[in-house]
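Starting from 1, each residue takes its place in the sequence as its number.
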Amino acid sequence: MRLRNNPKAKELIENHREIVLKTDEPFDLKNIFTNDQPLCIEIGMGKGDFIIEMAKRYPQINFIGIEKYDSVLVAALKKLISGEAIPNLRLMCFDATHLPDLFPAHSIEKIYLNFSDPWPKSKHDKRRLTYRSYLDIYKLLLKEDGDIEFKTDNRGLFEFSIVSMNQYPMNFKDICLDLHHSERYEDNIMTEYERKFSPFGPIYKIQANFR
């Protein structure tokens, strides 16, 4: 799907640098949040429903929502501008392949991957966010015993991710084959994509960490 360009996206981002982080130099996380709370990030946050609700629900945790495309990020930014202030949430427009250039090693408690692009063609497998090269990045960023939480409605991506994580190797803490019809997941926070497409099939979930 071709993304529609938003010519005002860059201007809106520049006008709200109190929310959207600059990415021209490595982060000093204490300067960003002025506290020592645990940090969780979402890679590919889309329009931001998940990360915004997480930050509201868990004020004792800091969150950063990451989106590659500024035309998508501004949808989340507009929600934050028009709503109540959420001091434990920041956004950033950045490519996940370069995250180690910004974040200190082993500084993140949890990484959320929600409904990532499945890149269904086999020749595009290296672009999937659970491919080995991305797992290398997550291992560098996560604290010891830090988790990856992954959700998708795409069976092919789910199966690929199981194999990729197992071969890395990683430990599986939880694997769910039908998130919305299983017990123990009452606290699940849905993304905008999840609300739209969950009626048409199961949502798969993986929670794993590195050995």
Side-chain angles (χ1 to χ4, degrees), residues 1-5 23 40-51 64-73 76 91-103 105-143 145-180 182 188 190-198 200-211:
M1 182 177 67
R2 188 178 183 87
L3 288 173
R4 182 178 299 175
N5 182 48
T23 57
C40 299
I41 67 173
E42 181 184 11
I43 298 175
M45 69 170 179
K47 296 179 181 179
D49 284 9
F50 174 85
I51 200 75
I64 296 178
I66 302 165
E67 176 55 50
K68 184 176 181 179
Y69 302 103
D70 56 12
S71 57
V72 178
L73 181 143
L91 310 180
M92 57 183 287
C93 189
F94 205 65
D95 189 322
T97 56
H98 302 295
L99 289 176
D101 295 340
L102 297 182
F103 287 92
H106 311 301
S107 60
I108 296 171
E109 295 282 347
K110 186 174 289 189
I111 295 174
Y112 295 97
L113 305 174
N114 292 318
F115 301 92
S116 310
D117 191 329
W119 293 104
K121 294 182 180 180
S122 58
K123 66 180 180 180
H124 292 153
D125 60 350
K126 293 181 180 180
R127 299 184 184 184
R128 298 170 192 159
L129 291 184
T130 50
Y131 186 75
R132 182 180 182 88
S133 60
Y134 283 101
L135 298 181
D136 286 338
I137 292 171
Y138 309 151
K139 185 176 183 180
L140 178 63
L141 296 178
L142 284 169
K143 292 184 176 181
D145 295 328
D147 289 349
I148 294 174
E149 284 200 11
F150 165 91
K151 290 195 291 185
T152 185
D153 64 335
N154 186 283
R155 180 78 182 194
L157 180 60
F158 172 71
E159 293 174 350
F160 172 87
S161 301
I162 289 282
V163 173
S164 180
M165 291 178 178
N166 186 57
Q167 290 179 343
Y168 191 81
M170 297 181 68
N171 295 314
F172 293 102
K173 300 175 70 174
D174 187 27
I175 297 176
C176 182
L177 300 178
D178 192 351
L179 181 63
H180 291 187
S182 302
N188 176 58
M190 288 194 285
T191 71
E192 59 277 358
Y193 182 97
E194 188 173 354
R195 280 196 301 272
K196 183 176 180 180
F197 289 100
S198 59
F200 304 107
I203 304 300
Y204 308 101
K205 180 179 179 179
I206 302 169
Q207 184 174 354
N209 61 14
F210 293 94
R211 295 180 187 174

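Contact of the Leu157 side chain with the Thr130 side chain is registered, since non-hydrogen atoms from C-beta on lie closer than 4.5 Å. Looking at heavy atoms from C-beta onward, Glu67 lies out of side-chain contact with Leu91 at the 4.5 angstrom threshold. With contacts defined as side-chain heavy-atom distances shorter than 4.5 Å, the pair Tyr134/Leu113 does not qualify.
For the side chain to side chain contact (heavy atoms under 4.5 Å, CB included) with Leu99, the qualifying choice from Leu141, Ile111, Thr23, Ile108 is Leu141, the only one to do so.
With sequence neighbours excluded, the residues that form a ring pair (Phe, Tyr, Trp, His ring centres under 6.0 Å) with Tyr168 are Phe210. In terms of the ring pair (Phe, Tyr, Trp, His ring centres under 6.0 Å) criterion, Phe150 has no residue partners (sequence neighbours excluded). Here Phe172 pairs with nothing under the ring pair (Phe, Tyr, Trp, His ring centres under 6.0 Å) rule; sequence neighbours left out. Residues that satisfy the salt bridge (Lys or Arg N to Asp or Glu O under 4.0 Å) test with Asp101, not counting sequence neighbours, are absent from this structure. The ring pair (Phe, Tyr, Trp, His ring centres under 6.0 Å) test applied to His180 returns no partner, not counting sequence neighbours.
With hydrogens and angles ignored, the 3.5 Å screen pairs a side-chain donor or acceptor of Glu192 with a backbone N or O of Lys47.
Asn188 and Lys205 are not linked by any side-chain donor-acceptor pair at a separation below 3.5 angstrom, with hydrogens and angles left out of the test. Side-chain contact of Tyr193 with Asn114: a donor-acceptor pair under 3.5 Å is absent, judged by distance alone.
Using a 4.0 Å cut-off between a side-chain N of Lys or Arg and a carboxylate O of Asp or Glu, Arg155 and Glu159 qualify as a salt bridge.
The salt bridge (charged side-chain N to carboxylate O under 4.0 Å, His left out) analysis of residues 110-136, with sequence neighbours excluded, yields the pairs Lys110-Glu149.
Relative ring orientation between Phe158 and Tyr204 is described as parallel, the plane-to-plane angle staying below 30° on a 0-90° scale split at 30° and 60°.
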